[in-house]
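Start at 1 with the first residue, then count along the sequence. It should be emphasised that the depicted structure is a prediction, and the values quoted were computed from it without experimental measurement.
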Amino acid sequence: MMTSNFNHPFHLVDYSPWPTTGSIGAMVLTTGLAKWFHMFNTNLLLIGMMITTLTMIQWWRDVIRESTFQGLHTKNVSMGMRWGMILFITSEVLFFMAFFWAFFSSSIIPTIELGMMWPPMGIKPFNPMQIPLLNTAILLASGVTVTWAHHSLMESNHSQAMQGLFFTVILGVYFSMLQAYEYWEAPFTIADAIFGSTFFMATGFHGLHVIIGTTFLLTCMIRHMLNQLSTKHHFGFEAAAWYWHFVDVVWLFLYLSIYWWGS
């Protein structure tokens, strides 16, 4: 029996295998991570990543089909998705708040184990005027380009929207490359007291969000190339832009607190 009912403006999805395969992929991925940590074997981890990736591709393909070709995402459905994205970003704010809480709790009143000083004795922090400042400029510039793309899309300017998305994706990739280089050259590790733990957890999870956001925007760019976005039908891109601005703001707090003030 089909679950769709066209007597109301809401979208009741049809039965789908992707929640089940996604759960299996997440379980295998988590188990594979534990196996990698303890046995240094990545076989199960790669299988979990493959299952999860294939599930995401096919699940999002179905969502694009429902919204773009079947017209099932009405105004009410779109409003619900907007609130869902707002609540998701709110949960992400609280997620990063935990890392800032740990950082300030340890840095404002350093304990005797840390040498009663911050940064702790023996740890040489990064110079905030070098790569961190460049990364700040890159993310601020990417915020400008994604806003340029958004306004161009709303004005039906296909070429400028494509250019804005392209530059945003390039800046996101460049940021990730610079952060990887920074990690490679880091004079301390995640095991170096609370400074190393908070630094790599906060900046590492932010870097993961940058990679996710870059993939999000790359998907929107491909959809824009296929003419699947219009002036009134582009919530996927709008959600990606919200997410990217959130990533920008989190980085500003990270730079000012951990890189600049914390050093």
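- Just one of L254, D192, I258 meets the side chain to side chain contact (heavy atoms under 4.5 Å, CB included) condition when paired with F199; it is I258.
- More than 12 heavy atoms of other residues, nucleotides or ligands lie within 6.0 Å of CE in M117, so this atom counts as buried by the packing criterion.
- Other residues, nucleotides and ligands place more than 12 heavy atoms under 6.0 Å from the CZ atom of F188.
- Using modelled atom types, one finds no donor on one side chain facing an acceptor on the other under 3.5 Å when comparing T231 with S156.
- Cluster annotation: L218 and M56 are assigned to distinct hydrophobic clusters (Ile/Leu/Val/Met/Phe/Trp/Tyr, side-chain heavy-atom contacts under 4.5 Å, transitive).
- The nearest pair of heavy atoms linking C220 to G236 is SG-O, 3.7 Å.
- Applying the ring pair (Phe, Tyr, Trp, His ring centres under 6.0 Å) test to Y255 and every residue at least two apart in sequence or in another chain returns nothing.
- I170 and V146 fall within a single hydrophobic cluster, where Ile, Leu, Val, Met, Phe, Trp and Tyr are joined by side-chain heavy atoms under 4.5 Å apart, directly or via other members.
- Side chains of S106 and W118 form a contact here, defined as non-hydrogen atoms less than 4.5 Å apart.
- Between T198 and F195, the shortest heavy-atom contact is OG1-O, 3.2 Å.
- Across every non-hydrogen atom of F237 and L217, the tightest pair is CE1-CD2, 4.3 Å.
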Could you list the donor-acceptor pairs under 3.5 angstrom formed between side-chain atoms of residues 91-104 and any protein atom two or more places apart in sequence or on another chain?
residue: S91; atom: OG; partner: F88; partner atom: O; Å: 2.5
residue: E92; atom: OE2; partner: H209; partner atom: NE2; Å: 2.4

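- The shortest distance between side-chain heavy atoms of E182 and P132 falls below 4.5 Å.
- Between P19 and S16 the shortest side-chain heavy-atom distance falls below 4.5 Å.
- Note that CD1 of I194 and CD1 of I123 are 10.0 Å apart. Values are rounded to the nearest 0.5 Å.
- Side-chain atoms of V210 and W251, non-hydrogen and from C-beta on, never get closer than 4.5 Å to each other.
- In this structure the side chain of M79 never reaches within 4.5 angstrom of the side chain of F235, judged on heavy atoms.
- Ring geometry for Y259 versus F126: interplanar angle of 30 to 60°, hence tilted.
- No option in H224, H151, H150, H158 other than H150 meets the ring-ring contact (aromatic ring centres under 6.0 Å, His included) test with H234.
- In this structure, the side chains of V144 and L140 stay at 4.5 Å or more apart for every pair of heavy atoms.
- The number of heavy atoms from other shown groups lying within 6.0 Å of CE (M154) is above 12.
- Between the side chain of S197 and the backbone N or O of I190 there is at least one donor-acceptor pair closer than 3.5 Å.
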Practice item. Mind running side-chain contact (heavy atoms from CB on, under 4.5 Å) on T147 and H245 for me, showing each step along the way? Key: CA-CA 9 Å; T147 303; H245 288 309; 3.3 Å; yes

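- Note that OH of Y15 is 13.0 Å distant from OG1 of T20, once rounded to the nearest 0.5 Å.
- Taking every heavy atom of both residues into account, Q160 and S152 meet most closely at CB-OG, 3.4 Å.
- Around atom CE of M49, no more than 12 heavy atoms belonging to other residues, nucleotides or ligands sit under 6.0 Å away.
- Heavy-atom neighbours of W148 CH2 from other residues, nucleotides or ligands within 6.0 Å: above the threshold of 12.
- Between the side chains of R223 and T219, not a single donor N or O lies within less than 3.5 Å of an accepting N or O.
- K75 contributes atom NZ, which lies 11.0 Å from atom CZ of R82 (distance to the nearest 0.5 angstrom).
- Proximity of F167 to M162: side-chain heavy atoms (C-beta onward) are nowhere separated by under 4.5 Å.
- How far CE of M221 is from CG of L229: 12.0 Å, rounded to the nearest 0.5 Å.
- With no hydrogens or angles considered, no side-chain donor-acceptor pair links S78 and N76 at under 3.5 Å.
- Of all heavy-atom pairs spanning P119 and P125, the tightest one is CG-CG, 3.8 Å.
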Exercise for review: Take Y174 and N135 through the test side-chain contact (heavy atoms from CB on, under 4.5 Å) and record every step on the way to the result.
Suggested key: CA-CA 9 Å; Y174 187 33; N135 270 342; over 6 Å; no

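- The structure places CD of Q179 at 10.0 Å from CD1 of I131, a figure rounded to the nearest 0.5 Å.
- Transitive grouping of hydrophobic side chains (ILVMFWY, heavy atoms separated by less than 4.5 Å) keeps V28 and W36 in distinct clusters.
- Pairing each heavy atom of T55 with each of I51, the nearest pair is OG1-O, 2.8 Å.
- Cluster annotation: W83 and F246 are assigned to the same hydrophobic cluster (Ile/Leu/Val/Met/Phe/Trp/Tyr, side-chain heavy-atom contacts under 4.5 Å, transitive).
- Inter-residue side-chain proximity for T21 and Q58 is flagged as unmet; no heavy-atom pair is nearer than 4.5 Å.
- Remark: M225 CE is loosely packed, at most 12 non-hydrogen atoms of other residues, nucleotides or ligands lying under 6.0 Å away.
- When hydrophobic clusters are built by joining Ile, Leu, Val, Met, Phe, Trp and Tyr residues whose side-chain heavy atoms come closer than 4.5 Å, directly or via intermediates, M50 is not grouped with I211.
- Looking at S142, its side chain does come within 3.5 Å of a backbone N or O of L139 through a donor-acceptor pair.
- Summarising the local packing, CG of L226 is surrounded by more than 12 heavy atoms from other residues, nucleotides or ligands at distances under 6.0 Å.
- Around CH2 of W60, the count of heavy atoms belonging to other residues, nucleotides or ligands within 6.0 Å does not exceed 12.
- Under a 3.5 Å cut-off, the side chain of T42 and the backbone N or O of L45 do not form any donor-acceptor pair.
- Taking CD1 from I212 and CG from L208, the interatomic distance works out to 4.0 Å, rounded to the nearest 0.5 Å.
- Not counting sequence neighbours, the partners of R65 by the salt bridge (charged side-chain N to carboxylate O under 4.0 Å, His left out) test are D62.
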